[in-house]
Amino acid sequence: MLTRAPRWVSLWFKGAAIYGAIALTLSLLAPAIPAPGRLPQLGFTFTALAFQAVFWVVGVEPVRYRPLMLAGVAEKLAFGVPALWLTAQGSAEPAAALFGTIDLILGAGFLAAWRATPRG
């Protein structure tokens, strides 16, 4: 019985963690949103940064943490779908659509990884 995940699963999650940590850290360097919008911006950014640690842990032991892969899919949908929706309505910058699309691609990869990873 296969008890290991395909190698690409580990690489996908670790790559997503590195990408997310870089993108989110760079977003902190962007001009600050004036109050009262600053708190939601920081809350989103630091919560998303915490999730990058979860992606790294899943990448280290995919079989053990297979159930968390679906939480990763939900996390990617939670940004990707609204980003595309709001951009289409003209309520978000075009860059939001780019990052939303990247998140949806990563989320699709997380779902594929979940399917490819055996139950532990």
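Positions are given from 1, in the same order as the sequence printed here. Please read these numbers as outputs of a predicted model, since none were measured by experiment.
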Starting at [atom1] of [X], measure out to [atom2] of [Y] and round the result to the nearest 0.5 Å.
X	Y	atom1	atom2	result
Leu24	Leu29	CG	CG	11.5 Å
Ile18	Phe13	CD1	CZ	14.0 Å
Gln41	Phe46	CD	CZ	9.5 Å
Leu104	Lys76	CG	NZ	9.5 Å
Asp103	Leu98	CG	CG	10.0 Å
Arg66	Arg115	CZ	CZ	9.5 Å

Problem - Within one Ile-Leu-Val-Met-Phe-Trp-Tyr cluster: Leu111 and Ile105, side-chain cutoff 4.5 Å - result: yes

Practice task
Please answer: with hydrophobic residues joined when any side-chain heavy atoms are less than 4.5 Å apart, are Val60 and Leu68 in the same cluster?
Solution key: no

[Y] and [X], any side-chain heavy atoms less than 4.5 Å apart:
X	Y	result
Leu106	Trp12	yes
Trp114	Val73	no
Pro62	Met69	yes
Pro118	Val63	yes
Thr45	Thr25	no

Please name the pair of heavy atoms, one in [X] and one in [Y], separated by the smallest distance, quoted to 0.1 Å.
X	Y	value
Ala96	Ala83	O-CB, 3.4 Å
Thr87	Ala97	OG1-N, 3.5 Å
Pro40	Pro36	CD-O, 3.4 Å
Pro6	Ala116	CD-O, 3.4 Å

Practice task
Would you mind listing every ring pair (Phe, Tyr, Trp, His ring centres under 6.0 Å) that reaches into residues 47-72, with sequence neighbours excluded?
Solution key: Phe51-Phe55, Phe55-Phe110

Handout entry: Output field: ring centroids Phe44/Phe79 closer than 6.0 Å
Key = yes

Practice task
Can you establish whether the number of heavy atoms outside Trp85 located under 6.0 Å from its atom CH2 is more than 12?
Solution key: no

Practice task
For Gln52 and Ala48, indicate whether the former's side chain and the latter's backbone hold a donor-acceptor pair under 3.5 Å.
Solution key: yes

